[in-house]
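Everything quoted here is computed from the prediction, not taken from an experiment. Just so you know, these numbers use all the heavy atoms, side chains as well, and skip hydrogens, waters and symmetry mates.
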Amino acid sequence: MDTKQKVTFAIIGVVCGAAIIAMLVFLFMLIGQMSEAKGVRDDAESTLTGYYNSERYPNEGNRKVRQQDAQAYTQVADAARSLLSHGLAFPQGETPSQFVTRIGESVRLLNERQSALKKGALPVAKKASTEPETVMDYAFGRYVVQGEMPADDGITVPRLATQFAVIEHVCNLLLDRGALEITEVSRTVFETANQAQPEVEEPRASRRSRKNRKTETAQRADTEAELDPVLAQDGVTRESYTIRFRARYTTLATVLNDLVKSPLFVVVTDVSIARPVLIRDRVAEMVKKRETQRAVIARRAANARTEEERKAAEVAAAKPLFDGASPAERLVTDPAHSSPLEITLKFDVYSVPPAPEAAADEAAPAATEGN
């Protein structure tokens, strides 16, 4: 073999060796990728196997947990409904005339009680009825003043009776706790007005009743806000009330606490408090009164006959202007001696009709007694 052939074979050997080395490198790279792919495949297989071997949902344990949750939710809902089903007692099955007669007597008693409180004494005898224009009608003026009759449809009278029971309960509660005067009462106006009568000359009381009817119509948009559809679907109803009265702060605080303890489900929506007398005017009046007393003491000191009387008068005149003032004469006083406030209390009463079983249980004793 000559030199040229040797050189050719050497070059071919180098090229083949390089090719073999390159293929070995690619082979090792492919082996690494295959190992990674195998690992991914094994992980996916393990995940799928775990899914297939896991217990199916819902299984018996899951069903038991859900049933326990549903039972707990039902108990909570029943407890809430029972709170809403507690109402005030009032005569059932009244006719429109019976209802109007009953609330007329109740309104008269409330007015007598307010009149007695204004005079500082409890009522001891039946008083003559007041003038129609001065009657406090407690949002039922169209029935106790104007003499209208509610519709005899089996719905209007029970709802009116429920509203009047709430108003009478809260008004008596206010008077029991020291309210000085109840000035205005409004309620959710739901009933439609009677058909218009031929126009005739109306007395003063009728003109006032017509004005009250317009006021009721204006209040209807404010008091009949839309109830939450979820509550309405469960049969929950809401009645809105507004009561304006004069009382001290202690009366308001006590009444709010009593409403929490009452059988009604009451939600207070607003409490507005205003002072009938401005602080500035009251301060000026108190300062003027004390300065007048100071001037009297100074004149007494000037006209004193003995040295002891003169010194006593000078000591009294040197005291601070409001030294020794009683609690009622102080600008910042305790709630028991504070001046009466003008208070507006707005609240809603939520309720649901009693369950059929409870209604049947209540009706059964009545039927037995009737027999």
Atom pair CG/CG of D258 and D176 - distance to nearest 0.5 Å: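 If I round to the nearest 0.5 Å, the distance is 9.0 Å.
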Interatomic spacing from NZ in K64 to CD in Q67 - rounded to 0.5 Å: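 These two atoms lie 9.0 Å from each other.
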Would you call [X] and [Y] a side-chain contact if the rule is heavy atoms closer than 4.5 Å?
| X | Y | result |
| --- | --- | --- |
| V14 | F9 | no |
| V157 | D152 | no |
| L252 | L174 | no |
| F190 | Q163 | yes |
| T254 | R248 | no |
| F245 | T344 | no |
| D270 | F347 | no |
| L256 | V268 | yes |

Stepwise side chain to side chain contact (heavy atoms under 4.5 Å, CB included) check, Y241 with K346: CA-CA 6 Å; Y241 305 90; K346 296 182 179 180; over 6 Å; no
Nearest non-hydrogen partners of L180 and P340, listed with the distance: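 Nearest heavy atoms, L180 then P340: CD1-CG, 3.4 Å.
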With a 3.5 Å distance limit and no angle check, can you tell me whether [X] reaches the backbone of [Y] through a side-chain donor-acceptor pair?
| X | Y | result |
| --- | --- | --- |
| D153 | T156 | yes |
| E168 | S106 | no |
| T242 | S186 | no |

Under 3.5 Å, which donor-acceptor pairs link side chains of residues 88-103 to any protein atom two or more places apart or in another chain?
unit_1: Q92; atom_1: NE2; unit_2: F90; atom_2: O; d: 3.4
unit_1: E94; atom_1: OE1; unit_2: R102; atom_2: NE; d: 3.4
unit_1: E94; atom_1: OE1; unit_2: R102; atom_2: NH2; d: 3.1
unit_1: E94; atom_1: OE2; unit_2: R102; atom_2: NE; d: 2.6
unit_1: T95; atom_1: OG1; unit_2: S97; atom_2: OG; d: 3.2
unit_1: T95; atom_1: OG1; unit_2: Q98; atom_2: N; d: 3.3
unit_1: T95; atom_1: OG1; unit_2: Q98; atom_2: OE1; d: 3.4
unit_1: Q98; atom_1: OE1; unit_2: T95; atom_2: N; d: 3.1
unit_1: T101; atom_1: OG1; unit_2: S97; atom_2: O; d: 2.9

Sequence neighbours excluded - ring pair (Phe, Tyr, Trp, His ring centres under 6.0 Å) pairs with any residue from residues 149-188: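 Non-adjacent pairs meeting ring pair (Phe, Tyr, Trp, His ring centres under 6.0 Å): F140-F164.
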State whether [X] and [Y] are salt-bridged, where the test is any N-O pair (Lys NZ or Arg NE/NH1/NH2 against Asp/Glu carboxylate O) under 4.0 Å.
| X | Y | answer |
| --- | --- | --- |
| E342 | R246 | yes |
| E191 | R159 | no |
| R108 | E112 | yes |

Derivation of the side chain to side chain contact (heavy atoms under 4.5 Å, CB included) call for M136 and I182: CA-CA 9 Å; M136 178 67 184; I182 298 174; 4.1 Å; yes
Hydrophobic cluster membership, V271 vs I167, 4.5 Å side-chain cutoff: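 Shared cluster, yes.
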side-chain contact (heavy atoms from CB on, under 4.5 Å) partners of L30, counting only residues at least two apart: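 Result, side-chain contact (heavy atoms from CB on, under 4.5 Å) vs L30: Q33.
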I20: side-chain contact (heavy atoms from CB on, under 4.5 Å) partners, not counting sequence neighbours: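 side-chain contact (heavy atoms from CB on, under 4.5 Å) check on I20 returns M23, L24.
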Partner residues of F265 under the ring-ring contact (aromatic ring centres under 6.0 Å, His included) criterion, sequence neighbours left out: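 F265 satisfies ring-ring contact (aromatic ring centres under 6.0 Å, His included) with no other residue.
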Side-chain donor-acceptor distances from residues 227-237 under 3.5 Å, at least two apart:
unit_1: D228; atom_1: OD1; unit_2: V230; atom_2: N; d: 2.9
unit_1: T237; atom_1: OG1; unit_2: S351; atom_2: O; d: 3.3
unit_1: T237; atom_1: OG1; unit_2: S351; atom_2: OG; d: 3.1

Residue pair L264, L259: steps toward the side chain to side chain contact (heavy atoms under 4.5 Å, CB included) verdict: CA-CA 8 Å; L264 299 174; L259 287 178; 5.9 Å; no
Between D348 and T269: side-chain donor-acceptor atoms closer than 3.5 Å: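 Per modelled atom types, D348 and T269 side chains form no pair under 3.5 Å.
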R187 and L160: CA distance, side-chain angles, deciding distance, side chain to side chain contact (heavy atoms under 4.5 Å, CB included) verdict: CA-CA 10 Å; R187 60 181 174 86; L160 287 174; 3.7 Å; yes
